[in-house]
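In what follows, every chain begins at residue 1, and chains take the letters A, B, ... in the order their sequences are listed. What you see is a predicted model, and the numbers here were worked out from it, not measured in a lab.
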Amino acid sequence: MTLQSQNVTYAVRGTTLVHDISIDVIPGQVTAILGPNGAGKSTLLKLLSGEMAPTSGHVMQGGRFVGEMSALQLAQQRAVMPQATSMTFPFVVRDVVALGRAPFRKQSSRRQDNDLVDQAISLADIGHLADRAYPALSGGEKQRVHLARALVQLWGMDNLAEPALTGRGDRYLLLDEPTSGLDVSHQHALLSIARREARDRGAGVLMILHDFNQVTTYADQVAILHRGALVAFGAVSAVMTPAMLSEVFAHPIRAIADPAGGVVLVSQAPNQAF
Amino acid sequence: MIGHHAFLLVAMLLLLMLSVVVSLGVGGADIGVGKVLVHLAHRIGLIGAGVDDFSARVLDSLRLPRILRGVVVGAGLGVSGAVMQSLFRNPIADPGFVGVSASAAFGAVVMIVAGGAVLGSYYSQFGPFAVPVAAFVGAVLATSLIRMLSRQDGHTDAAFMLLIGVAINAIAFAGVGIFTYMANDAELRSLTFWQMGTLSGDGPADMPALAIMTVGILYLVTLGTPLNLFLLGEAEARHLGIDVEKLKRRATVVTALVVGAAVAVSGIIGFVGLVAPHLVRLVTGPDNKMVLPASALGGAIILTLADAIARIIVLPAELPIGLVTGILGGPFFLGLLLREKRRRRI
């Protein structure tokens with residue numbers, strides 16, 4: 001069972017934002033979406049999350065059409081971390097995180113909610129902000145709050161003391177540019193959390209990233225989008241070649257041996273004389 | 001947490017009962033709290049002897065119905081304001097500001113002035129009900145229009161939505177003005193009532209309107225969790241399992257129903273929908289599970305006290321209650337804006 005787009009196209013007022021894209025988000029793996037600005041990355045993520053309905057094609061989650069599932073059914077199986085959300089009302093951080101428990105409010109106990117919220121807050125490193133008003137936070141801090149909120153939703157009815165989820169169906173975590181407002185150490189913390197949710201707890205993780213080396217380090221497979229079309233989709237090692245990236249991003253990109261081991265992808269200034 | 005919240009709701013309920021008793025005691029005939037308590041105790045069978053006949057009649061047929069009207073209308077306006085602020089995701093939304101009250105009044109005024117011509121001989125039969133129905137239709141049309149005009153590509157811009165509401169408000173008030181200009185003397189008297197607000201009206205449609213409001217209020221106070229999620233954003237609420245379109249449709253229709261019925265009973269009473277939720281949030285924070293029921297109670301308390309003031313401040317006459325809430329609410333709103341301004345600067 002996967003979360004998959006089957007030949008999805010999305011057009012609005014004559015402009016095609018996403019054209020005929022088929023990808024799979026596989027449980028236990030991290031799938032990255034990469035591409036220049038305006039390539040249709042966020043649109044594809046919104047189609048996969050069910051936020052928007054494709055003009056043609058289908059989105060399937062766990063063998064069912066996403067368009068035919070209720071918002072609550074979807075919410076119990078996948079969590080979304082959005083790019084940015086503004087909120088004028090001064091909820092405290094802990095309460096914003098606890099909103100992620102809403103899809104399980106009929107089943108879950110107050111105690112389980114509190115346990116999961118505590119763990120998510122400590123994972124997202126926002127313990128020192130827990131009693132602060134959300135609107136007063138910086139952009140990066142807000143993103144970490146939404147990471148914690150997405151985690152308590154993703155965990156559903158799990159007991160985190162158990163090693164992994166079994167027999168409870170697929171779970172998906174979709175992250176829209178999760179690292180954009182974060183400092184370097186929090187970027188890696190977030191990416192590690194995402195990878196751990198996939199590897200250790202079996203979630204299918206999809207995230208839009210911009211950093212080539214983060215893709216090669218944390219993702220298992222990658223979809224490269226360019227002008228609304230899927231240019232390449234497959235294992236990271238096969239797709240993340242300097243030739244492919246240089247062409248898609250219209251910018252020279254080289255692979256350089258890292259003295260510490262492995263290879264890093266670097267972008268150069270376009271004009272050396274400059 | 002739960003205990004703290006339940007305690008606050010009980011305290012507000014007691015405060016409401018206290019306001020009702022005080023309000024029963026004051027007015028043209030000074031009856032006094034002591035007599036009111038004796039009368040109430042007598043009515044519910046606690047003590048055998050009641051108060052004198054005159055006081056009993058004033059309380060039973062004049063003050064009690066009017067105060068109950070105030071309690072229900074105040075609760076309706078309070079909770080509607082809180083719901084609208086969440087729906088618009090804007091703390092300064094209020095049924096008065098976004099033209100829902102004015103559109104309801106416009107509907108009512110059209111029916112008062114033109115109803116006879118349109119409904120002909122049926123008007124005498126349906127007139128009393130036609131006016132509240134017209135008020136409700138006006139309120140629903142206004143909310144639907146605001147939502148329709150502010151939608152683009154399936155998204156609503158909350159700030160834009162508020163501005164559209166302001167425009168609708170101006171148009172509806174102009175409409176009320178036009179029909180006021182066309183009205184004859186008898187019609188003018190009932191028109192003034194719609195524009196300034198009063199709890200003294202006692203039309204035959206009162207009971208159905210109050211019943212509608214009560215049901216609407218009981219529904220709206222259950223929307224705490226979905227509206228909390230809505231404050232995160234429409235997409236986020238959807239991702240968290242809320243059928244967003246259904247929630248918006250139901251909340252706007254029921255709010256329009258409650259506000260329309262409130263305007264039908266008492267005319268335009270401004271600021272209660274704004275002031276009650278804000279006072280509540282100062283104490284409880286923004287959690288709608290608490291804000292919604294507490295705003296209903298707060299609105300009821302505010303309107304009960306405002307009504308008491310309206311009845312004693314210009315004795316032997318009485319001030320329209322809309323003027324009282326306006327005089328008190330306007331400065332309160334200014335204070336709110338200034339506080340917001342200071343907070344943003346920091």
Treating B/R281 as the side-chain partner and A/P90 as the backbone partner, does any N or O pair qualify as donor plus acceptor under 3.5 Å? no
Point-to-point distance, once rounded to the nearest 0.5 Å, from OH of A/Y134 to CG of B/L231: 12.0 Å
Is the closest side-chain heavy-atom distance between A/F91 and B/L232 below 4.5 Å? no
Whether over 12 other heavy atoms sit under 6.0 Å from A/R105 CZ: yes
Given a strict heavy-atom distance threshold of 4.5 Å, which part of A/V96 is in contact with chain B: side chain, backbone, both, or neither? side chain
How long is the span from the CG atom in B/N228 to the CE atom in A/M87, to the nearest 0.5 Å? 9.0 Å
Identify the residues of residues 60-78 of chain A whose heavy atoms come closer than 4.5 Å to a heavy atom of chain B, ordered by number, or report 'none'. A/A71, A/L72, A/L74, A/A75, A/R78
Work out which heavy atom in A/E51 is nearest to a heavy atom in B/H239; give both atom names and the distance. OE1-NE2, 3.2 Å
Is any side-chain heavy atom of B/D287 closer than 4.5 Å to one of A/D95? no
Does B/E236 reach the side chain of A/R149, with side-chain heavy atoms less than 4.5 Å apart? yes
